[in-house]
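So the structure is just underneath, and the comments pick up after that.
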Amino acid sequence: EEAKDKVMMGAERRSMVMTEDEKKLTAYHEGGHALVSFNMPSYDPIHKATIIPRGRALGMVMNLPERDKHGYSIKYLKARMAVCFGGRVAEEIIFGKDRIFIGEFIGSCFLVMIIVGSGIMAENLTNDNALRLTANTLATGAGLFVLITAFADISGAHFNPFVSLAMYLTKKIKGKLLITYIPAQIFGCLLGVMLANVFFEHNIIELSTKSRDGFNIFLAEIVATFGLVFVIFATLKDGKTTVAACVATYITAGYWFTSSTSFANPAVAIARTFTESFTGINYLNTPTYIIAELIGALFAVLLIKKLLLK
């Protein structure tokens with residue numbers, strides 16, 4: 001039986017490293033093939049289904065005829081096409097674009113509400129900048145952990161256009177999904193800053209005058225974004241809880257070891273342009289931050305391909 005499976009399905013690749021998200025996607029994909037097969041009486045019965053990588057496939061559903069066949073009816077061929085599409089349809093149902101857009105929109109919105117809202121609260125309570133930054137840091141770190149854990153199975157919990165870009169460049173997501181991820185993240189962040197402003201009786205939209213310029217800040221933001229993207233990919237295989245904990249603690253540290261306070265996110269940088277508060281950024285400095293973040297993300301992708309994806 002083992003030899004037959006090896007010939008028909010390919011050799012098992014148990015040593016292949018797959019993230020929890022990839023395993024889950026594969027399980028639903030193969031489940032889609034199997035479910036359609038069960039409901040197609042004119043198609044061959046299922047012989048075996050597996051989500052262990054075999055050959056070039058991440059999983060497989062093998063159908064075998066009950067007797068030798070020398071020709072195929074139109075009904076059989078249509079059933080075969082339906083079974084082939086079953087995996088992709090299951091992916092769309094479980095991980096469809098609507099889920100991604102809603103998950104990224106809500107998660108990004110809450111992320112900026114936490115960042116900006118905690119900054120304004122700290123500003124209202126104390127004149128000590130060290131205490132303000134401490135309060136802002138703790139709220140952001142805690143919020144990131146909760147949001148990533150909550151939304152990882154819904155949208156992937158990117159909340160960051162350059163994280164999504166890195167996922168595309170490393171072939172973790174398809175390019176067409178970027179037009180779902182990135183607008184959701186930007187619009188979510190913008191709603192988040194507007195809500196935070198309203199919570200604390202600021203104007204719903206206000207341009208920040210807080211200057212964050214200088215080569216030292218530009219360099220710090222490159223390093224901050226590089227570190228964030230690398231940490232995400234280095235911990236993906238360990239599951240969402242580890243990713244959430246590592247990202248949260250990295251950004252917590254980044255608030256203190258970088259002069260840019262580790263924005264590391266262009267959608268957040270755009271949103272923070274519209275709050276005249278402790279966490280704001282002058283609109284003249286926003287493009288510089290975004291360029292630095294892009295450079296950092298691209299450097300991270302280069303290193304990830306060399307160290308983690310071989």
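If you read the sequence from its start, that first residue is 1, and numbering goes on from there.
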request  = Report the C-alpha separation of F200 and E123 in whole Å, then their side-chain angles, then the decisive distance to 0.1 Å, and conclude whether the side chain to side chain contact (heavy atoms under 4.5 Å, CB included) test is met.
outcome  = CA-CA 11 Å; F200 293 94; E123 202 171 28; over 6 Å; no
request  = Specify the closest pair of heavy atoms between G141 and A248, including all atoms of both residues, with the distance to one decimal.
outcome  = O-CB, 3.2 Å
task = Search all heavy atoms of A34 against all heavy atoms of V61 and return the closest pair with its distance.
result = N-CG2, 4.1 Å
ask   = Got more than 12 heavy atoms from elsewhere within 6.0 Å of CZ, F85?
value = no
inquiry  = The test is side chain to side chain contact (heavy atoms under 4.5 Å, CB included); show your working for F162 and I290 and say whether it passes.
reply    = CA-CA 10 Å; F162 289 158; I290 293 172; 4.1 Å; yes
message = If we check side chain to side chain donor-acceptor pair (under 3.5 Å) with Y255, which of these qualifies: T137, T134, T140, T261?
response = T140
key: Hphob cluster co-occupancy, M62 + Y72, side-chain heavy atoms under 4.5 angstrom   = no
remark   = Distance col, row I100:CD1 vs T180:OG1, nearest 0.5 angstrom, shows 6.0 Å
message = Atom OH of residue position Y76 - does it have more than 12 heavy atoms of other residues, nucleotides or ligands inside 6.0 Å?
response = yes
note = Rounding to 0.5 Å, atoms CG (N129) and CG (N136) come to a distance of 11.0 Å
task = Determine the minimum heavy-atom distance between S37 and V83, stating which atoms define it.
result = OG-CG1, 3.4 Å
ask   = Side-chain heavy atoms under 4.5 angstrom apart, residues restricted to Ile, Leu, Val, Met, Phe, Trp, Tyr: same cluster for W256 and L131?
value = no
ask   = If you take all heavy atoms of E104 and S155, which pair is closest and at what distance?
value = OE2-OG, 2.6 Å
query = Which of parallel (below 30°), tilted (30 to 60°) and perpendicular (above 60°) describes Y181 and H158?
reply = parallel
task = Establish whether L138 and I251 are linked, either directly or via other cluster members, by ILVMFWY side-chain heavy-atom contacts under 4.5 Å.
result = no
task = Mind listing the closest non-hydrogen atom pair of A82 and M40 along with its distance?
result = CB-CE, 3.6 Å
query = Is it the case that one hydrophobic cluster holds both F218 and F263, taking links as side-chain heavy atoms less than 4.5 Å apart, direct or via other members?
reply = no
task = Please say whether more than 12 non-hydrogen atoms of neighbouring residues, nucleotides or ligands are located less than 6.0 Å from CZ in R80.
result = no
task = Calculate, to the nearest 0.5 Å, the distance between atoms NZ and CZ belonging to K305 and F233 respectively.
result = 10.0 Å
ask   = With a 4.5 Å limit on heavy-atom distance, are the side chains of L111 and C189 in contact?
value = no
ask   = Quick one: does K237's side chain have a donor or acceptor within less than 3.5 Å of a partner on A234's backbone?
value = yes
request  = Indicate the ring-plane relationship of F105 and F101, choosing parallel, tilted or perpendicular according to the 30° and 60° boundaries.
outcome  = parallel
key: Main-chain N/O of N63 paired with D44 side-chain donor or acceptor, under 3.5 Å   = no
message = For A269, is there any backbone N or O sitting under 3.5 Å from a side-chain donor or acceptor partner on T273?
response = yes
task = Count the heavy atoms of every other residue, nucleotide or ligand shown that sit under 6.0 Å from CG of L64, and state whether that count exceeds 12.
result = yes
message = Within the 4.5 Å heavy-atom criterion, are F159 and V268 side-chain neighbours or not?
response = no
task = First locate atom CD1 of I295, then atom CZ of F226, and finally report the distance between them rounded to the nearest 0.5 Å.
result = 13.5 Å
ask   = How about P266 and N160: do any of their side-chain heavy atoms sit closer than 4.5 Å?
value = yes
key: M121 atom CE: more than 12 heavy-atom contacts under 6.0 Å   = no
message = Is there a side chain to side chain contact (heavy atoms under 4.5 Å, CB included) between N285 and I217? Walk through the geometry before answering.
response = CA-CA 10 Å; N285 304 141; I217 292 178; over 6 Å; no
query = Is there a donor-acceptor pair closer than 3.5 Å between any side-chain N or O of N282 and the backbone N or O of D213?
reply = no
key: Any side-chain heavy-atom pair of L302 and L298 under 4.5 Å   = no
message = Is there a side-chain contact between F299 and V229 in this structure, where contact means two heavy atoms from C-beta onward sitting under 4.5 Å apart?
response = no
task = Could you tell me whether the side chain of Y250 and the main chain of A224 form a donor-acceptor pair under 3.5 Å?
result = yes
ask   = For atom NZ of K48, is the number of surrounding heavy atoms from other residues, nucleotides or ligands below 6.0 Å larger than 12?
value = yes
message = Taking E276's backbone N and O only, do any of them form a donor-acceptor pair with E206's side chain (distance below 3.5 Å, no angle check)?
response = yes
request  = Can you measure from CD1 (I179) to OG (S164) and round to the nearest 0.5 angstrom?
outcome  = 12.5 Å
inquiry  = Less than 4.5 Å apart, side chain to side chain, heavy atoms only: is that true for I182 and L165?
reply    = no
key: I186 CD1 to N265 CG distance, which is reported to the nearest 0.5 Å   = 9.5 Å
ask   = Between S208 and T275, is a side chain to side chain contact (heavy atoms under 4.5 Å, CB included) present by the stated rule, with each step listed?
value = CA-CA 5 Å; S208 175; T275 180; 5.6 Å; no
task = Spell out, as yes or no, whether a donor-acceptor pair under 3.5 Å connects the side chain of T235 to the backbone of I232.
result = yes
message = Can you confirm whether D238 sits close enough to V243 that some side-chain heavy atom of one is under 4.5 Å from a side-chain heavy atom of the other?
response = no
key: Side chain proximity check, L308 to L236, heavy atoms < 4.5 angstrom   = no
message = If hydrophobic clusters are built by linking Ile, Leu, Val, Met, Phe, Trp and Tyr wherever their side-chain heavy atoms come under 4.5 Å apart, do Y43 and M81 end up in the same one?
response = no
query = Which heavy atom of T50 sits nearest a heavy atom of I52, and at what distance?
reply = OG1-N, 2.9 Å
message = Is the terminal nitrogen or CZ of K210 (NZ for Lys, CZ for Arg) located under 6.0 angstrom from the six-membered ring centre of F278 and within 45° of that ring's axis?
response = yes
query = Okay, side chain of R272, backbone of T279: is any donor-acceptor separation there less than 3.5 Å?
reply = yes
ask   = With distance as the sole test, does N203 use its side chain to make a donor-acceptor pair with the main-chain N or O of N197 at under 3.5 Å?
value = no
ask   = So, E293 side chain and I222 main chain: donor-acceptor pair closer than 3.5 Å or not?
value = no
